Amino acid sequence: MIVKDFNLQHTIECGQFFRYKKENDFYYIQTKDKIIKIKQKNNQLISNESDEFLINFFNLNQNYQEILTILNKHNDIRELTKQFYGLRIINQDPWECMISYISSSARSIPLIKQSIDLMSKQFGEEIIFDKSTFYTFPKINSLNDLDKLKQCKLGFRVDYIIRVNSLVNNEYFKNLKELDYEKAKQELMKLPGIGPKVADCICLFSLKKFEAFPIDTWIKKYLKQTNLDYKQFYPYQGYAQEFIYYLMIASKFLYATV
DNA sequence: ATCCAGGAATTTT
DNA sequence: AAAATTCATGGA
């Protein structure tokens with residue numbers, strides 16, 4: 001498939017998405033019970049998945065230039081959209097997104113990935129793909145075994161997950177998608193383990209609420225240093241957040257390796 | 001050994 | 001209403 005205004009690496013590695021691994025030139029992306037093998041060569045995407053699926057998953061039908069027009073109004077952010085050109089918000093599955101980000105609170109990315117993989121191994125189904133073993137993401141309401149959850153190295157988040165597991169279902173998410181951003185966020189925050197930050201992540205990464213602006217410690221640091229008013233990027237504040245976030249974790253990596 | 005991590009809930013000022 | 005403490009683990 002031919003794509004424009006899209007960069008696979010930036011989109012996958014900017015920190016919004018946990019379930020992937022890179023092998024040779026290919027990314028193996030996992031979502032729900034799917035495995036997507038994919039690589040990009042210039043403006044071409046090579047994958048085992050259908051164009052239709054990829055367009056939806058990477059939000060490729062969104063007008064990128066329209067988003068950039070708004071983000072580029074600010075000089076610093078214009079530098080970032082140039083540096084990370086083609087970064088898109090991934091359209092995740094809401095249930096998977098919810099569990100992933102509840103697991104994420106006060107932890108680093110490698111540990112989050114580890115817990116998600118362990119949950120998939122404990123509660124998902126095995127798939128052999130390209131001679132490697134993968135596990136599907138646990139289905140809604142299947143995370144109900146306390147002993148198994150305790151083996152997933154989730155710490156105190158086990159309690160949140162086992163409670164949320166019994167509080168949501170397909171209908172919950174169907175209704176959630178109908179709500180506007182503010183309402184959806186409020187609804188999400190009624191659930192245990194979901195505060196403002198995690199609710200914003202779920203809104204942005206799985207409900208197409210692009211005005212959501214999740215504020216974690218890194219973003220907070222950036223906002224404090226730069227005095228940036230993120231509301232000027234309405235209704236694409238979420239895109240601004242992701243560019244900034246990518247900058248922060250990328251520079252963190254730089255400092256860590258020097 | 002000690003501290004803290006991409007937060008949230010609870011308790012204390 | 002804001003600030004401090006707690007939560008369970010792995011890693012620096």
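From a predicted model like this one, the values you see are computed outputs, not experimental measurements. A note on names: the letters A, B, ... follow the listed sequences, proteins ahead of strands, and every chain is numbered from 1.
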Discussion item. So A:I112, base contact, sugar-phosphate only, or nothing? Heavy-atom distance under 4.0 Å.
Written reply: nothing
Fill in: Heavy-atom pair of closest approach, residues A:F134 and A:F129
CE1-O, 3.6 Å
Worksheet item: Hey, what's the ring geometry for A:Y101 with A:F18, parallel, tilted or perpendicular (30° and 60° as the breaks)?
Response: tilted
Item to complete: Mind running a 4.0 Å heavy-atom check of residues 222-241 of chain A against DNA chain B and sending the residues that fall below it, in number order?
Response: none
Discussion item. Using whole Å, what does the distance between atom P of nucleotide B:dA5 and atom CE of A:M248 come to?
Written reply: 13 Å
Item to complete: Look at the aromatic rings of A:Y160 and A:F156 and report parallel, tilted or perpendicular, splitting at 30° and 60°.
Response: perpendicular
Discussion item. Please verify the inter-ring angle class for A:F243 with A:F84; under 30° counts as parallel, over 60° as perpendicular, anything in between as tilted.
Written reply: parallel
Discussion item. Output the rounded distance in Å from CG (A:D216) to C1' (B:dA8).
Written reply: 14 Å
Discussion item. Is the positively charged end of A:K34 above the ring of A:F53, judged by distance under 6.0 angstrom from the centroid and angle within 45° of the axis?
Written reply: yes
Worksheet entry | Set of residues satisfying salt bridge (Lys or Arg N to Asp or Glu O under 4.0 Å) with respect to A:K121, sequence neighbours excluded | none
Worksheet item: Are the side chain of A:N165 and the backbone N or O of A:N141 linked by a donor-acceptor pair below 3.5 Å?
Response: yes
Item to complete: Nearest whole angstrom, please: distance from the P of B:dC4 to the CH2 of A:W218.
Response: 14 Å
Practice prompt. Assign A:P196 to base, sugar-phosphate, or nothing according to its heavy-atom contacts below 4.0 angstrom with the strands shown.
Written response: sugar-phosphate
Fill in: A:R107 versus A:S115, side-chain donor and acceptor atoms under 3.5 Å
yes
Can you name the atoms? Protein N/O to nucleotides 1-5 of chain C N/O, anything below 3.5 Å, with the distance.
none

Worksheet item: Contact class for A:I215 vs. all strands (heavy atom < 4.0 Å): base, sugar-phosphate, or nothing?
Response: nothing
All N/O contacts under 3.5 Å from nucleotides 8-10 of chain C to the protein, with atom names and distances to one decimal?
unit_1, atom_1, unit_2, atom_2, d
C:dA8, O4', A:F156, N, 2.7

Practice prompt. Could you check A:Q16 against A:M189 and say which one's nearest nucleotide on DNA chain B is further toward the 5' end?
Written response: A:Q16
Item to complete: Please report the closest heavy-atom contact between A:N59 and A:R88, naming both atoms and the distance.
Response: O-NH1, 3.3 Å
Worksheet item: Between A:S206 and A:D93, is there a donor-acceptor pair closer than 3.5 Å when you use the side chain of the first and the backbone of the second?
Response: no
Worksheet item: When all nucleic acid strands are considered with a 4.0 Å heavy-atom cut-off, which category describes A:P110: base, sugar-phosphate, or nothing?
Response: nothing
Worksheet, complete the sentence: When A:Y160 and A:C201 are each assigned the nearest nucleotide of DNA chain B, the 5'-most assignment goes to A:C201
Worksheet entry | Distance in angstrom units between A:K220 NZ and B:dA8 C1', rounded | 12 Å
Worksheet item: Hey, does the Lys NZ or Arg CZ of A:K4 hover above the aromatic six-ring of A:Y64, less than 6.0 Å from the centre and inside 45° of the axis?
Response: no
Item to complete: Test the A:K37-A:F26 pair against the cation-pi criterion, namely NZ or CZ under 6.0 angstrom from the six-membered ring centroid and within 45° of the ring axis.
Response: yes
Worksheet item: To the nearest Å, how far apart are A:L191 CG and B:dA9 P?
Response: 9 Å
Worksheet entry | Test item: side-chain donor near acceptor, A:Y236 and A:Q62, under 3.5 Å | no
Practice prompt. Calculate the interatomic distance between A:K197 atom NZ and B:dA8 atom P; express it in whole Å.
Written response: 7 Å
Worksheet entry | Pairwise salt bridge (Lys or Arg N to Asp or Glu O under 4.0 Å) hits with a residue in residues 50-60 of chain A, at least two apart | none
Item to complete: Would you kindly give the OH-to-C1' distance between A:Y101 and B:dG7, to the nearest whole Å?
Response: 13 Å
Could you write out each protein N or O paired with an N or O of nucleotides 10-13 of chain B at a distance under 3.5 Å?
none

Discussion item. Taking the P atom in each of B:dT10 and C:dA8, what is the distance between them to the nearest angstrom?
Written reply: 14 Å
Worksheet item: Quick one: A:I219 CD1 to B:dG7 C1', roughly how many Å, whole number?
Response: 15 Å
Worksheet item: Taking the inter-plane angle between the rings of A:F58 and A:F6 on a 0 to 90° scale, is it parallel (under 30°), tilted (30 to 60°) or perpendicular (over 60°)?
Response: tilted
